[in-house]
J.: 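Next up is a structure, given as structure tokens.
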There are 2 protein chains.
Amino acid sequence: MSGPTLSDVAEAAGVSYATADRVINKRGNVAQKSIDKVRDAVERLGYVRNVAAANLSRRRVYRLAFLIPTGSNAFFSRVRDHIIQSADHLSADSISVRIVDVSAFSVEGLKDSIVDLAGSELDGVAIVGLQSRLLEQPLAELRARGVAVIGLVSDLPVEFRSAYIGIDNKVAGRTAARMTGLAHRGRAGAIQTFVGSMEARDHAERLQGFRDVIAADFPDLTVLDPILTKDDPAVLCKSAANALQSGASVTAFYNVGAGNVGLIEAISTSPGARPFCVVHELVAHSKQALIDNHIDLVIDQRPDVEVNRAFALLRALIDDRELPPMPDLMPTIYVRDNLPADTLNDAMEVQIR
Amino acid sequence: MSGPTLSDVAEAAGVSYATADRVINKRGNVAQKSIDKVRDAVERLGYVRNVAAANLSRRRVYRLAFLIPTGSNAFFSRVRDHIIQSADHLSADSISVRIVDVSAFSVEGLKDSIVDLAGSELDGVAIVGLQSRLLEQPLAELRARGVAVIGLVSDLPVEFRSAYIGIDNKVAGRTAARMTGLAHRGRAGAIQTFVGSMEARDHAERLQGFRDVIAADFPDLTVLDPILTKDDPAVLCKSAANALQSGASVTAFYNVGAGNVGLIEAISTSPGARPFCVVHELVAHSKQALIDNHIDLVIDQRPDVEVNRAFALLRALIDDRELPPMPDLMPTIYVRDNLPADTLNDAMEVQIR
DNA sequence: TCGGAAATGATCGACGTATATCAAAAAATG
DNA sequence: CATTTTTTGATATACGTCGATCATTTCCGA
């Protein structure tokens with residue numbers, strides 16, 4: 001019923017268990033001839049290592065780390081909460097997780113944190129990355145020590161990680177544009193966009209995707225040049241208020257970055273009809289704003305799904321197994337009617353505990 | 001590092017390993033006093049039984065079954081494909097899966113299939129259910145034999161299953177309404193709705209949710225009485241073509257049920273502007289229709305996520321463990337820009353193999 | 001208080017793998 | 001051919017749990 005064991009393989013290969021083991025676990029001191037025989041038998045019998053038994057035997061503990069930016073950013077506290085919550089349940093599978101706080105969006109800070117990882121024994125790490133050559137050296141060293149490295153939410157230099165988990169931000173921007181276009185349905189309009197920083201790759205990509213779709217499919221709409229916010233709610237509040245007062249010319253808002261508290265503040269205190277409004281990431285205040293009808297749509301990247309996926313992926317990489325099939329990561333559209341019940345209530349409880 | 005073992009528990013409780021084992025595995029013939037001591041020690045030490053070791057020892061194979069309606073329904077072939085694909089990778093975890101074809105939407109057929117399950121040894125089963133008292137008896141018998149039973153996509157009688165995995169169809173209908181409303185933005189309009197059958201609970205609920213939101217938040221829109229289609233593409237094609245010709249009065253289509261091939265056919269062959277168009281379930285043709293701009297939105301219930309969740313849930317139930325945290329199941333909105341790359345290409349390959 | 005029933009303890013051999021040791025065989029070296 | 005080196009085989013112990021068996025102790029009722 002359950003597949004062949006290593007003993008079966010050894011027998012089929014005509015070698016001893018010890019030799020088969022030497023081949024499987026790459027212990028060296030094996031003749032090429034024997035290696036071939038074992039490999040062949042593995043193939044023929046369809047042998048797959050019983051990971052559970054192996055881990056039991058070697059008392060394996062998967063030591064994982066997550067490098068997450070600090071700060072008040074609500075999205076990353078959501079990520080953090082999901083990691084903690086998952087880790088809680090994964091400890092039963094002998095997985096230990098450490099969350100490392102990284103100073104937000106500082107290449108130097110991230111580099112230091114990666115270098116620091118060298119101190120502790122690790123099997124795998126998921127990093128909210130940045131694109132910088134500065135990171136290449138420390139990442140290479142990590143991987144040389146056998147640590148599985150993946151990028152999370154924001155990618156690392158491609159050659160220096162095994163995989164990336166996150167949405168395609170161009171797709172996210174395109175989706176926002178599609179919805180904005182549909183909401184205008186033929187009518188002309190002007191869309192005020194906001195970005196945190198054009199240096200942030202995700203912001204730039206979202207804006208690009210947004211512009212592409214509007215240009216291609218909604219010729220009656222104009223995309224106004226983005227206002228630079230540095231993700232600061234105060235800046236957003238002020239500039240949004242400004243735009244709201246400057247007559248009825250603006251028919252939609254699209255905030256590519258964070259700091260939505262400010263945008264919502266401006267909208268909720270401004271009288272009269274408001275523009276169609278799209279923002280990113282479902283967190284406590286954006287959820288509330290949907291419910292209160294202050295905004296129309298939230299494009300979300302489901303950090304819960306991403307974290308789940310990170311764990312599965314790291315384990316597979318560490319065990320050198322095939323990847324299990326995993327649901328695709330697509331930007332998810334929320335309106336006030338398909339809100340998850342517990343996005344932040346539950347997560348917050350975890351945080352408080 | 002890794003938690004206490006049962007030996008530790010026995011020692012802490014001041015009983016022998018054998019007694020602790022008797023308590024943990026409910027073998028009976030244990031004094032209440034001993035039970036309490038062991039339970040107490042488990043609590044104190046935070047013992048969790050090592051499922052991997054246990055399964056290794058007893059050569060456990062999780063024997064699961066899925067009862068899925070047959071027929072040409074594209075949604076269920078998608079479900080089927082995901083089950084097959086997952087099962088492929090789960091065989092490494094000694095999980096064996098059987099898919100049982102059930103004649104679609106026939107209570108009698110479903111009942112027979114459930115009764116038939118009694119023949120084979122099973123640990124858990126996920127059933128695309130129906131609401132009928134006829135099912136209660138056979139379900140009760142299944143569960144009496146220790147089989148974990150969950151409802152999938154469409155629920156079973158509540159008292160006779162351990163859990164239900166599926167979306168809230170009222171929420172799905174509300175979401176469709178919200179998007180339709182946004183797309184009209186102030187303009188008046190009339191929405192032609194289509195249902196397969198008002199007896200189908202999911203259809204009725206979607207329509208209800210849809211009506212609720214339109215009535216509450218979009219007073220300028222009228223929901224026309226639904227056209228009964230029996231999910232038959234031919235019926236949909238004809239009635240949609242009819243609606244399209246009867247002047248510009250209809251500004252939107254909402255198909256609650258299946259048979260979208262027909263709807264798309266009518267739209268694509270009709271000249272001039274088309275109404276705003278929302279359907280359910282992302283499958284090959286609805287995806288293509290999005291790309292071709294024949295429809296605007298697809299509300300999807302992510303069968304891949306649901307199947308994943310079903311596996312996790314069944315295992316947890318069978319092992320009598322706590323549930324791992326799982327992403328919420330919310331209706332997902334697809335437009336032509338956030339389409340998953342592989343929804344059906346990959347799945348179809350699996351089918352062909 | 002005796003006998004039988006109930007409860008407990010002690011211990012063993014699986015499960016499939018990892019890791020180690022030691023001896024034996026085969027191959028390479030001069 | 002003798003000697004070293006490389007490669008192999010045989011075997012043991014451990015991981016944490018399950019499912020046994022068998023002997024011993026404790027409990028309870030008559």
Side-chain angles (χ1 to χ4, degrees), chain A residues 1-39 41-42 45-62 91-95 123 146 318-321, chain B residues 1-39 41-42 45-62 91-95 123 146 318-321:
Chain A
M1 188 88 286
S2 53
T5 71
L6 191 50
S7 297
D8 298 334
V9 171
E11 193 178 0
V15 301
S16 70
Y17 178 91
T19 298
D21 170 69
R22 288 186 182 103
V23 174
I24 293 293
N25 292 308
K26 297 169 187 162
R27 298 186 202 278
N29 285 330
V30 194
Q32 186 59 45
K33 179 170 70 169
S34 301
I35 297 184
D36 293 341
K37 282 196 285 185
V38 172
R39 289 260 160 78
V42 165
L45 302 189
Y47 169 78
V48 273
R49 201 166 67 99
N50 182 330
V51 182
N55 289 350
L56 176 61
S57 167
R58 52 156 67 125
R59 273 168 278 191
R60 191 188 217 332
V61 179
Y62 295 84
S91 60
D93 296 318
S94 57
I95 294 182
D123 301 298
I318 292 169
D319 290 338
D320 197 20
R321 275 182 309 163
Chain B
M1 188 87 288
S2 54
T5 72
L6 191 50
S7 298
D8 298 333
V9 171
E11 193 178 0
V15 301
S16 70
Y17 179 92
T19 298
D21 171 67
R22 288 185 180 104
V23 174
I24 293 292
N25 291 309
K26 296 170 188 162
R27 299 187 202 279
N29 285 332
V30 194
Q32 187 58 44
K33 187 172 62 170
S34 300
I35 297 185
D36 293 340
K37 282 196 286 185
V38 172
R39 291 260 160 79
V42 165
L45 302 189
Y47 169 77
V48 274
R49 127 177 188 289
N50 182 331
V51 182
N55 289 350
L56 177 61
S57 164
R58 50 154 71 125
R59 271 171 278 191
R60 193 190 216 329
V61 180
Y62 295 84
S91 61
D93 297 318
S94 57
I95 294 181
D123 300 299
I318 292 169
D319 290 339
D320 196 21
R321 276 183 308 162

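Chain A is the first sequence line, chain B the second, and so forth, proteins listed ahead of strands; every chain is numbered from 1. What's counted below: heavy atoms across the whole structure, side chains too, no hydrogens, waters or symmetry copies.
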J.: What is the minimum heavy-atom distance between Arg22(A) and Asn29(A), and which atoms define it?
T.: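 Scanning both residues completely, I find the closest heavy atoms to be CD-O, 4.5 Å.
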J.: Not counting sequence neighbours, which residues clear side chain to side chain contact (heavy atoms under 4.5 Å, CB included) with Ala12(B)? List them please.
T.: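 With sequence neighbours excluded, Ala12(B) shows a side chain to side chain contact (heavy atoms under 4.5 Å, CB included) to Ala41(B), Arg44(B), Leu45(B), given in chain and number order.
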J.: Contact class for Val51(A) vs. all strands (heavy atom < 4.0 Å): base, sugar-phosphate, or nothing?
T.: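 If one applies the 4.0 Å heavy-atom cut-off, Val51(A) turns out to touch nothing in the nucleic acid.
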J.: Along DNA chain C, 5' to 3', what are the outermost nucleotides having an atom less than 4.0 Å from a heavy atom of chain B?
T.: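 Counting from the 5' end, contacts occupy dA7(C) to dG16(C).
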J.: For Asp93(B), check side chain to side chain donor-acceptor pair (under 3.5 Å) against everything at least two apart and list the hits.
T.: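 Asp93(B): no side chain to side chain donor-acceptor pair (under 3.5 Å) contacts found.
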J.: Quick one: side chain to side chain donor-acceptor pair (under 3.5 Å) partners of Ser16(B), sequence neighbours excluded?
T.: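 With sequence neighbours excluded, Ser16(B) shows a side chain to side chain donor-acceptor pair (under 3.5 Å) to Thr19(B), given in chain and number order.
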J.: Sequence neighbours left out, what passes side chain to side chain contact (heavy atoms under 4.5 Å, CB included) with Asn55(B)? Give chain and number order.
T.: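 Only Val51(B), Arg58(B), Arg60(B), Tyr62(B) meet the side chain to side chain contact (heavy atoms under 4.5 Å, CB included) criterion with Asn55(B).
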J.: Would you please name every residue forming a side chain to side chain contact (heavy atoms under 4.5 Å, CB included) with Tyr17(A), sequence neighbours left out?
T.: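 For Tyr17(A) the side chain to side chain contact (heavy atoms under 4.5 Å, CB included) partners, ignoring immediate neighbours, are Leu6(A), Ser7(A), Asp21(A).
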J.: Under 4.0 angstrom, heavy atoms only, what part of the nucleic acid is Arg22(A) near: base, sugar-phosphate, or nothing?
T.: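 Base, at least one base heavy atom under 4.0 Å.
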J.: Only counting residues at least two apart or in another chain, list the ones meeting salt bridge (charged side-chain N to carboxylate O under 4.0 Å, His left out) with Asp8(A).
T.: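 For Asp8(A) there are no salt bridge (charged side-chain N to carboxylate O under 4.0 Å, His left out) partners, ignoring immediate neighbours.
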J.: Quick one: which protein N/O atoms are closer than 3.5 Å to N/O atoms of nucleotides 11-15 of chain D? Pair and distance per line, please.
T.:
| unit_1 | atom_1 | unit_2 | atom_2 | d |
| --- | --- | --- | --- | --- |
| dC15(D) | O2 | Ser57(A) | N | 3.1 |

J.: Listed in order of residue number, which residues of residues 24-34 of chain A have a non-hydrogen atom at under 4.0 Å from DNA chain D?
T.: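 Residues of residues 24-34 of chain A under 4.0 Å from DNA chain D: Asn29(A), Val30(A), Ala31(A), Ser34(A).
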J.: Once salt bridge (charged side-chain N to carboxylate O under 4.0 Å, His left out) is applied, do any residues pair with Arg321(B), and if so which ones, sequence neighbours excluded?
T.: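 Listed in chain order: Asp319(B).
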J.: Once rounded to the nearest 0.5 Å, what's the spacing between atom CG of Asp36(A) and atom NZ of Lys33(A)?
T.: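 One finds 10.5 Å between CG of Asp36(A) and NZ of Lys33(A).
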J.: Under the salt bridge (charged side-chain N to carboxylate O under 4.0 Å, His left out) test, which residues partner Arg39(A), sequence neighbours left out?
T.: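 Per chain and number, Arg39(A) pairs via salt bridge (charged side-chain N to carboxylate O under 4.0 Å, His left out) with no residue.
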